[in-house]
Amino acid sequence: MRRFFIDKPASIGMPHTIQGPDAKHIASVLRMKQGDTIGMFDGKGHTLMARINAISPKAVQVTITDMLAFDTDSPVHITLGQALLKDKKMDGLVRQLTELGISEWLPFETERAVPDRNRMHVSQRIARWESIARESLKQCERGMLPRIHPPVSFDEVVDAAAAYDMGIIFTGNDTPALEKTAQPVSRILILIGPEGGFTAGEIDHARAKGLIPAGMGPRILKADTAAVAACALVQHIFGDM
């Protein structure tokens, strides 16, 4: 069943109005009618069932009839720290990594990634990434919406590793592969560099802060490919793949 996002706290019996492209899709593409049941999600782990009371391409009025816990999210909390890339590459990564199950998305600046100092542009990018993540949730049937952070400095993202059970910095094809630890791990920070990779100084700084350098095989991967591969690898070792 196709699900639609609800951006406010929900409860059984609560009325809600769906507007914009979703309303048009429900009325004109799905051709649903008054009395039909549709699925919704709140991005906080719940699937909602709702009954259509009135419908038009501009607005669909519903009443929530049931609220169910959704348990398809990963058992491990993964924050993917990604050095800033060009807009389209970052957009694609948000979509793919949401599907793979990351919990948080943290863009950051590096010596080889030129930061965007235009605050308005940064705000627009975050809003776009949040919209992409919501659309991805509809497709992949996750329950939790990943948290999208504003870009931070390299020092800030490295310092953040102290709050995790494990921090991993993927550094290239000459680094040993990641291995499972004996200790249980529930919170992991992954760092992926820009197209030119991390500098030696950045890798040394991350290592000094307790992050584990790791590689992903003998081939050189593009930054956006590396991010997807790293997330899939960590999910396979510590998560639900």
Chemist: For the residue pair Arg125 and Leu85, what are the closest heavy atoms and their distance?
Modeler: NH2-O, 3.3 Å
Chemist: Quick check: does any side chain N or O of Asp165 sit under 3.5 Å from a backbone N or O of Arg187, one acting as donor and the other as acceptor?
Modeler: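 Between the backbone of Arg187 and the side chain of Asp165 there is a qualifying donor-acceptor contact (under 3.5 Å).
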Chemist: Are Lys138 and Asp22 ion-paired here, with the side-chain N under 4.0 Å from a carboxylate O?
Modeler: yes
Chemist: Does the distance from a Lys or Arg side-chain N to an Asp or Glu carboxylate O, for Arg142 and Asp73, drop under 4.0 Å?
Modeler: yes
Chemist: Run the side chain to side chain donor-acceptor pair (under 3.5 Å) check on Glu104 and His77 step by step: do they pass?
Modeler: CA-CA 8 Å; Glu104 301 185 54; His77 182 111; 2.7 Å; yes
Chemist: Can you label the angle between the Phe108 ring and the Phe198 ring as parallel, tilted or perpendicular, going by 30° and 60°?
Modeler: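 Phe108 and Phe198: parallel rings.
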Chemist: Is it the case that the side chain of Gln235 and the backbone of Leu100 share a donor-acceptor pair, with hydrogens and angles ignored and the cut-off at 3.5 Å?
Modeler: yes
Chemist: Verify, without hydrogens or angle tests, whether Arg112 (side chain) and Gly193 (backbone) share a donor-acceptor contact under 3.5 angstrom.
Modeler: no
Chemist: State whether Arg95 and Glu135 are salt-bridged, where the test is any N-O pair (Lys NZ or Arg NE/NH1/NH2 against Asp/Glu carboxylate O) under 4.0 Å.
Modeler: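 A salt bridge is absent here (no side-chain N lies under 4.0 Å from a carboxylate O).
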Chemist: Of all the heavy-atom pairs spanning Leu84 and Ala113, show the shortest one and how long it is.
Modeler: O-CB, 3.5 Å
Chemist: Counting only N and O atoms by type, is there a donor-acceptor contact under 3.5 Å from the side chain of Thr225 to the main-chain atoms of Leu221?
Modeler: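 Checking the backbone N and O of Leu221 against the side chain of Thr225, no donor-acceptor pair under 3.5 Å is found.
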Chemist: I need the minimum non-hydrogen distance between Met90 and Pro107, along with the two atoms involved.
Modeler: CE-CB, 4.0 Å
